[in-house]
Each structure stands twice: as structure tokens, then as C-alpha cells.
Amino acid sequence: MDSARITAAETLAALGVTQPDQVAPLFAEIRSRFGLESTAIHDEPAWKTFRDAWLGRKSGILAQITDNWLKPAPPDLKRAVGAGLNELRAHVESQIESRRQAIESGAEQSALAREHVDLSLPGVTRPIGSHHLIRQVFQEIEDIFVSIGFSVVEGPEIETPYYNFEALNIPEFHPVRDDMDTFYLELPKGAPTPLLLRTHTSPMQIRTMEKQKPPVRVIVPGKVYRRDNPDATHSFVFHQVEGLAVDSDITFCDFTGTIEYFVKQFFGPGVKTRFRPSYFPFTEPSVEFDVSCIFCGGSGTAAGGGTCSKCKGAGWIELFGAGMVDPAVYGFVNYDAKKVSGFAFGMGIDRLAMLKYQIDDIQVFFQNDVRFLRQFP
Ligand code: FA5
């Protein structure tokens with residue numbers, strides 16, 4: 001047997017193998033050839049060719065050994081050839097698989113190396129959001145009132161006409177309802193009561209007094225809704241902070257003192273305040289509360305001369321409605337109107353924010369334009 005001539009394309013007889021002890025060297029020779037070839041395989045295309053050359057079903061070397069050596073082998077050689085072939089097949093299959101894994105992980109490493117990771121570069125920073133200006137203003141207002149003994153409560157945005165109107169001394173067909181026409185919910189027939197989006201935070205006066213006995217000192221931040229056409233100072237959804245203080249001896253002086261304290265804390269000590277008579281069915285007397293114009297300092301004249309466009313030359317800007325709680329309201333919550341007194345106010349937060357931060361269009365609060373929002377981090 002001449003090892004230089006060993007090929008699986010020839011039969012054992014052609015190779016001169018006639019004795020069982022000649023079989024093992026035959027397989028050893030094939031196996032060492034396989035080992036040599038496999039060390040030369042370094043990439044996937046070469047590996048595939050190598051795999052097919054050895055394991056290909058029709059003309060792979062193992063298939064040739066089966067066809068040319070095993071099948072025609074005389075009975076006395078068959079057992080040795082079968083054993084040699086099985087051992088060779090196991091070896092070839094496992095080596096080809098481990099070669100594949102080595103090539104794959106090598107490829108990964110070289111891909112990583114190609115990426116040139118520069119660990120000194122700054123990481124990816126994700127921008128952190130901030131509170132919306134309206135939320136910030138809510139917080140400022142809450143902090144001021146909490147510091148003088150008020151608690152913060154919240155209430156439902158969907159209300160019944162009873163809480164939104166009747167218990168606030170606004171009976172059906174009262175003309176004041178026309179100013180607060182709002183969005184009613186479509187309900188199934190037979191619903192026990194109509195429901196509407198609250199037009200102000202004042203219903204929480206009633207809900208709070210129903211729940212607790214005097215003394216009461218609460219503020220109520222929240223969203224309210226009205227069927228107002230949008231313009232620079234109106235939106236159909238806006239924000240209010242309601243305030244309510246009821247106790248056995250609360251006077252008009254407590255009321256004005258509290259409001260003036262708040263306004264000076266919020267706008268700064270330089271602003272002046274004034275009350276004007278007004279009307280709300282649930283307060284008596286009722287007032288509108290004004291501050292001296294923060295744009296022209298109360299002079300009514302713009303910085304460059306001419307009339308101040310913000311206060312229209314008046315020197316004052318209307319801030320919110322308020323008053324002493326009307327005794328009729330106490331009747332709805334089982335408070336004794338002879339023993340208690342109190343005050344209430346309802347501020348439009350969007351307009352307060354506009355004044356303080358000199359914003360001339362309320363709509364920017366609802367447009368979520370980050371160029372605007374970023375100015376108030
Ligand atoms: C009320 O809503 C009363 N509930 C306030 C009140 C409470 C009075 C307690 C007495 C006692 P008024 O309708 O004026 O009142 O609204 C209060 C504030 O909401 C206004 O001063 C204004 O700043 C703001 N406001 C009203 N309508 C709009 C609107 N469409 N868009 C933005 N702000 C508004």
C-alpha cells in the first residue's frame with residue numbers, strides 16, 4: 001500500500017488492501033490529511049467548501065469511502081472498514097463544527113476591533129424634562145398657602161349640576177349660568193343626574209364643607225372647562241386655584257390680609273393691590289381683586305412712552321374673583337350660618353402665570369412647543 005496514492009475514489013482492492021490489519025493505517029492516513037486541511041480554513045466560505053468536500057452527501061470523502069471502500073469490501077474486511085469509517089466520521093463532524101465556532105467568534109472579535117470603541121467619548125445623554133410652567137406656578141401658589149396653614153385638596157373634573165351650580169347658590173335658569181355654559185356628557189337614558197365638565201373649582205367648596213366641620217382652610221388646584229372661544233386670554237380648558245377659609249370668627253380683614261400676603265409673595269413686594277365690588281352668587285360681598293400693572297409699574301404709560309398695552313393705561317390688572325362666603329351656601333352643607341363666617345377666592349392660574357412671566361398668549365400653554373417649554377426649566 002503506497003500512502004501517496006491513497007484516495008477514497010478507488011476501491012480497497014485497487015489500493016492493494018487485502019488484510020484487516022491494513023485498514024487502520026489507511027484511515028490514519030485519511031485522518032491526518034483531514035487535520036492538515038482543516039488548519040488552513042480561516043473564513044466562512046472556505047469552511048463551507050471544506051465541509052462539503054468531506055461531508056457532502058454524494059461526493060464528499062466520507063460518502064466516497066462508504067461507496068468505494070465499505071460497500072464493495074469482502075466480508076473479512078467489512079468489520080474493520082465499518083469501525084474505521086464510524087470513528088473517522090465522528091472525528092470529522094466534531095472537528096468541522098468546532099472549526100465553525102472558532103471562525104464565528106474570531107469574526108465577532110475582529111468586528112469589535114473594527115468599531116474602534118473610544119471609551120473617552122462622552123456617553124449618550126437623554127434630555128431630562130421639567131415641570132410645565134403651569135405646574136410650577138401651581139407649586140409656587142401651594143407653597144405660599146401651605147406656609148400660612150392651608151391644606152391642598154383636589155376634586156373631580158366631572159361634576160353634577162348640583163355641585164357646580166345649585167349648592168353654590170346658582171339655581172337653574174339663574175343668568176350667571178349663561179357665563180359658564182359648558183360641556184355636558186352624553187349619558188345613557190335614565191342616568192340619575194346630568195354630568196358636566198366643571199366650569200370652576202368652586203364645587204370643591206361644597207365637597208370640602210360636606211366632609212369636614214369648621215375650621216376649614218383649603219386650596220384646590222385643578223383644571224376647569226368652559227365653552228369659551230380661544231384667543232390670547234381665553235382657552236376652553238384652563239386652570240384655577242380655589243381657596244376657602246371658614247371658621248367661627250373670620251372677618252373681611254382676614255380675607256384682605258390673606259390675599260395681599262399671597263399677592264406680595266407671588267409677584268414681589270413692589271406690587272400694589274385693590275378691591276373692586278363685583279358679583280358672585282356664592283359670595284357676599286363679592287370683589288374683583290386687581291394688582292398694579294407689573295408691566296408699567298402702575299403708571300399706565302409704556303416704557304418707551306405712550307399707553308401701556310397690557311393694562312390699557314389703567315395702571316391696574318384684574319387678577320381674580322373672591323368674597324365672603326354667602327350665608328346661603330352654608331345652608332347646603334349643614335353649617336350654622338349664625339356661627340361661622342369665611343372667605344373664598346378663585347384664581348385663573350394661566351392668567352397669573354402670563355402676568356408673572358410676561359407671556360402674551362395663553363395658547364402657548366397648550367401647544368407643547370419645546371422651544372417655549374425650555375425657557376422654564
Ligand atoms: C369663577 O370662576 C369663580 N368660581 C371665582 C370665585 C371663587 C369667586 C370663589 C368667588 C369665590 P370667574 O368666572 O371670574 O370666577 O373665573 C375666575 C378666573 O378664571 C378669571 O379671573 C380668569 O383669570 C380665569 N378665566 C375665566 N375664564 C377663562 C378662560 N376661558 N380662559 C382662561 N382663564 C379664564
Side-chain angles (χ1 to χ4, degrees), residues 133-134 137-138 141 145 150 155 157 159 163-170 174-183 196-209 216-246 250 252 255-256 258-259 262-263 266 273 275-291 310 316-330 341-356 359-366:
L133 182 59
I134 294 293
V137 171
F138 269 140
I141 296 173
F145 279 103
F150 281 72
E157 288 175 22
E159 267 298 4
Y163 285 105
N164 198 74
F165 297 122
E166 277 118 61
L168 287 163
N169 206 24
I170 313 175
H174 191 293
V176 116
R177 282 208 192 191
D178 295 346
D179 292 341
M180 293 198 188
D181 201 4
T182 187
F183 305 99
L196 57 117
L197 297 182
R198 67 179 175 190
T199 57
H200 50 175
T201 40
S202 300
M204 275 305 287
Q205 291 186 29
I206 307 301
R207 290 186 179 277
T208 306
M209 288 190 281
V216 172
R217 275 181 194 80
V218 291
I219 57 164
V220 188
K223 272 202 190 85
V224 301
Y225 304 82
R226 289 188 199 175
R227 242 185 49 185
D228 286 346
N229 288 327
D231 63 20
T233 52
H234 291 82
S235 170
F236 47 82
V237 48
F238 58 102
H239 304 84
Q240 288 190 336
V241 169
E242 190 79 9
L244 174 71
V246 180
I250 289 191
F252 198 81
F255 167 48
T256 54
T258 306
I259 298 291
F262 162 72
V263 170
F266 186 75
T273 56
F275 293 95
R276 279 180 298 110
S278 184
Y279 172 73
F280 296 100
F282 39 96
T283 45
E284 180 60 35
S286 301
V287 298
E288 285 293 343
F289 192 80
D290 297 347
V291 280
K310 303 294 190 302
W316 296 95
I317 291 184
E318 181 187 313
L319 263 195
F320 52 84
M324 299 302 286
V325 177
D326 192 306
V329 172
Y330 295 130
S341 57
F343 62 82
F345 53 84
M347 311 175 183
I349 301 313
D350 313 76
R351 298 220 189 132
L352 278 189
M354 288 169 76
L355 271 179
K356 180 158 176 177
I359 294 160
D360 56 11
D361 187 352
I362 196 172
Q363 303 305 328
V364 293
F365 291 136
F366 304 97

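From a predicted model like this one, the values you see are computed outputs, not experimental measurements. Just so you know, ligand 1 is whichever comes first in the structure, and atom 1 is the first atom listed for that ligand. Residue indices begin at 1 and follow the sequence shown.
Protein neighbours of ligand 1 below 4.0 Å, counting non-hydrogen atoms: His200, Ser202, Gln205, Arg226, Asp228, Thr233, His234, Ser235, Phe238, Gln240, Glu242, Phe280, Phe282, Thr283, Leu319, Phe320, Gly321, Ala322, Ala344, Phe345, Gly346, Gly348, Arg351, Ile362.
Applying the salt bridge (charged side-chain N to carboxylate O under 4.0 Å, His left out) test to Lys356 and every residue at least two apart in sequence or in another chain returns Glu140.
Annotation: salt bridge (Lys or Arg N to Asp or Glu O under 4.0 Å) contacts involving residues 226-240, sequence neighbours excluded, comprise Asp181-Arg227. Among residues at least two apart or in separate chains, there is no side-chain hydrogen bond (donor to acceptor under 3.5 Å, both in side chains) pair with a member in residues 320-330.
Checked against a 6.0 Å centroid threshold, the rings of Phe282 and His200 count as neighbours.
Ring orientation note: the planes of Phe150 and Phe145 are nearly perpendicular, at an angle over 60° on the 30°/60° scale.
Nearest heavy atom pair, residue Ile362 against residue Met354, reads N-CE, 3.5 Å.
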